[in-house]
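Notes follow the structure.
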Amino acid sequence: MAIRSARRAVVVDPWPLLRDAVAALLLDTGAARTVETARGGAQAWELCRALGPDLVVTDADLLAPGEGLLLGRRLKASASPPRVLVYSGSTDPSVVVECLGGAADGFVHRSAEPEQLVSAVRGLAEGRPVWFVGEQDRPAPTGADPVDGALLRAMTGREQEVLGLLLRRYSNDEIAGELCLARQTVKNYVSSVLQKLEMSSRRELHSLVPARGPDLGRRPAEPGAADRCRSVRPKVGAGRGGMPLGGHVAVFPKRQSPASH
C-alpha cells in the first residue's frame with residue numbers, strides 16, 4: 001500500500017529558519033507534495049483561502065500569543081477545512097486541551113524527533129490524528145488549567161480522542177458514531193478519562209473547561225455513518241510500552257530507562 005502524503009501543505013511560523021526547516025523536511029521526505037509558508041495568522045488565512053491546502057502546520061503562538069490556535073479554529077470552521085497540526089514547544093496543558101477541543105487535529109511537541117513529525121503529517125493525511133505532548137518527565141507549568149499536562153500524557157491515544165469529543169459536548173451515542181465504537185465501549189472510555197482527570201462527571205469537566213467557540217457544539221450525524229462504521233475494521237497493534245492502539249495513530253511520550261536516572 002502506497003504511503004499517503006499531503007497534496008498541499010502550509011507551514012506557519014514567525015521564525016524564517018524554523019518554518020523553512022519544517023517545509024524542507026516535509027518536501028524532502030515526500031510527506032507533502034508542495035509546501036507554502038506564512039509567518040502569521042492573517043497571511044496564512046489568505047494563503048489557505050487562495051490555495052485550499054489539505055494540511056496546515058502551525059505553532060500555537062505566532063505573531064501574538066494563541067494566534068495559531070485561533071487560526072486553527074477559523075480553518076476548522078471553514079467550508080472546506082484542512083487538517084491542522086499544531087507543532088509547538090509549549091508545555092502549557094491548556095494548549096493541548098485547546099487542540100483537543102477543536103482547534104487542531106493533532107499536536108506534536110517540538111521535542112519530537114523529525115521522523116515523528118513526518119509520521120504525524122502522514123497520519124493526518126490518512127485521517128488519523130496524532131498526539132505527542134512531549135517528554136514524560138518534562139515539568140508542567142504552574143497555572144490555572146484544570147487539565148494537567150501529566151494527566152494528558154497518561155492517556156492513550158483513544159482516550160485523548162474521547163476527551164476531545166467530550167470537550168465538544170458530544171453524547172456517548174455521538175462519540176460512538178464518530179469513532180465507530182460500541183456504546184458500552186464508549187462508556188468505559190469516558191469513565192477512564194474522567195478517572196484519570198480526577199473528575200466525578202462530565203458536568204464537572206464542562207464546568208471547569210468551558211466550550212471554546214461556537215464550533216464546539218454537537219455536530220449532526222453524517223449520512224451513512226452507520227454503514228461507514230460497519231465497514232471499518234480497526235487495526236489493532238502494540239504501541240510504545242505495549243499499549244494497544246486502535247485505528248488511529250497515537251505517539252506516546254518517551255520514557256527514560258531506569259539506568260538513565
Side-chain angles (χ1 to χ4, degrees), residues 2-78 80-96 98-100 102-135 138 141 149 249-254:
I3 299 177
R4 188 171 179 180
S5 61
R7 174 181 54 85
R8 174 173 287 160
V10 172
V11 175
V12 193
D13 196 288
W15 302 103
L17 183 61
L18 290 177
R19 68 173 177 264
D20 289 346
V22 172
L25 176 67
L26 299 185
L27 287 172
D28 291 346
T29 58
R33 300 176 194 174
T34 63
V35 180
E36 302 292 338
T37 62
R39 65 186 297 264
Q43 182 186 8
W45 172 254
E46 293 302 325
L47 195 59
C48 290
R49 289 185 61 190
L51 300 178
D54 49 351
L55 174 71
V56 174
V57 180
T58 181
D59 196 351
D61 301 321
L62 299 173
L63 301 179
E67 185 181 358
L69 300 176
L70 292 176
L71 172 65
R73 287 198 172 279
R74 194 176 183 188
L75 290 170
K76 298 308 294 181
S78 62
S80 299
R83 301 284 182 179
V84 176
L85 175 66
V86 171
Y87 179 53
S88 174
S90 175
T91 58
D92 187 343
S94 66
V95 172
V96 181
E98 190 81 11
C99 293
L100 285 166
D105 301 289
F107 178 94
V108 174
H109 191 270
R110 289 195 175 180
S111 63
E113 299 293 335
E115 56 268 23
Q116 288 177 300
L117 176 60
V118 171
S119 176
V121 169
R122 293 191 187 281
L124 285 183
E126 297 173 356
R128 296 179 284 122
V130 178
W131 303 93
F132 177 83
V133 295
E135 302 295 341
R138 182 182 299 275
V249 172
V251 181
F252 296 95
K254 298 177 180 177

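One is the number of the first residue; the rest follow in order along the sequence. Owing to the predicted nature of the structure, the values given are computational and were not obtained by experimental measurement.
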> Taking only residues two or more places apart in sequence, or in another chain, which ones meet Arg39 in a salt bridge (charged side-chain N to carboxylate O under 4.0 Å, His left out)?
Replying inline: none
> How many angstroms lie between CD in Glu113 and CZ in Phe132, if you round to the nearest 0.5 Å?
Replying inline: 8.5 Å
> What pair of heavy atoms forms the shortest contact from Ala9 to Ala32, and how long is it?
Replying inline: CB-CB, 3.9 Å
>> For a quick test of reading the model, state the closest non-hydrogen atom pair linking Val95 to Ser90 and the distance between them.
In response: CG2-OG, 3.4 Å
> Do Val96 and His109 come within less than 4.5 Å of each other through their side chains, counting heavy atoms only?
Replying inline: no
> Shortest non-hydrogen contact from Val86 to Ala104?
Replying inline: CG2-CB, 3.7 Å
> Between the main-chain N or O of Leu75 and the side-chain N or O of Ser78, is there a donor-acceptor pair closer than 3.5 Å?
Replying inline: yes
> With a 4.5 Å heavy-atom cut-off, do Val11 and Tyr87 have their side chains touching?
Replying inline: no
>> To check you understand the geometry: which heavy-atom pair defines the closest contact between Arg33 and Arg7, and what is its length?
In response: CB-O, 3.4 Å
>> For a quick test of reading the model, state the closest non-hydrogen atom pair linking Leu62 to Gly40 and the distance between them.
In response: CD1-C, 4.0 Å
> Taking only residues two or more places apart in sequence or in another chain, which ones pass side chain to side chain donor-acceptor pair (under 3.5 Å) with Thr58?
Replying inline: none
>> What's the separation between atom CZ in Arg74 and atom SG in Cys48, rounded to the nearest 0.5 Å?
In response: 10.5 Å
> Quick one: CG on Asp59 to CZ on Arg110, what's the gap to the nearest 0.5 Å?
Replying inline: 4.5 Å
> Any donor and acceptor pair, going by atom type alone, linking the side chain of Asp61 with main-chain N or O of Gly66 inside 3.5 Å?
Replying inline: yes
>> Is the shortest side-chain heavy-atom distance between Leu71 and Val12 below 4.5 Å?
In response: yes
> Between the side chain of Glu67 and the main-chain N/O of Gly41, is any donor-acceptor distance below 3.5 Å?
Replying inline: yes
> Rounded to the nearest 0.5 Å, how far apart are CG of Leu55 and CZ of Arg122?
Replying inline: 12.0 Å
> Would you call Lys76 and Asp105 a salt bridge, taking side-chain N to carboxylate O under 4.0 Å as the test?
Replying inline: yes
> Which heavy atom of Ala31 sits nearest a heavy atom of Val121, and at what distance?
Replying inline: O-CG1, 3.8 Å
>> Working to the nearest 0.5 angstrom, can you tell me the gap between Thr29 OG1 and Leu27 CG?
In response: 8.0 Å
> CG of Leu117 to CG of Leu85: how many Å apart, nearest 0.5 Å?
Replying inline: 6.5 Å
>> If the condition is side-chain contact (heavy atoms from CB on, under 4.5 Å), which residues does Thr34 pass it with, not counting sequence neighbours?
In response: Arg8
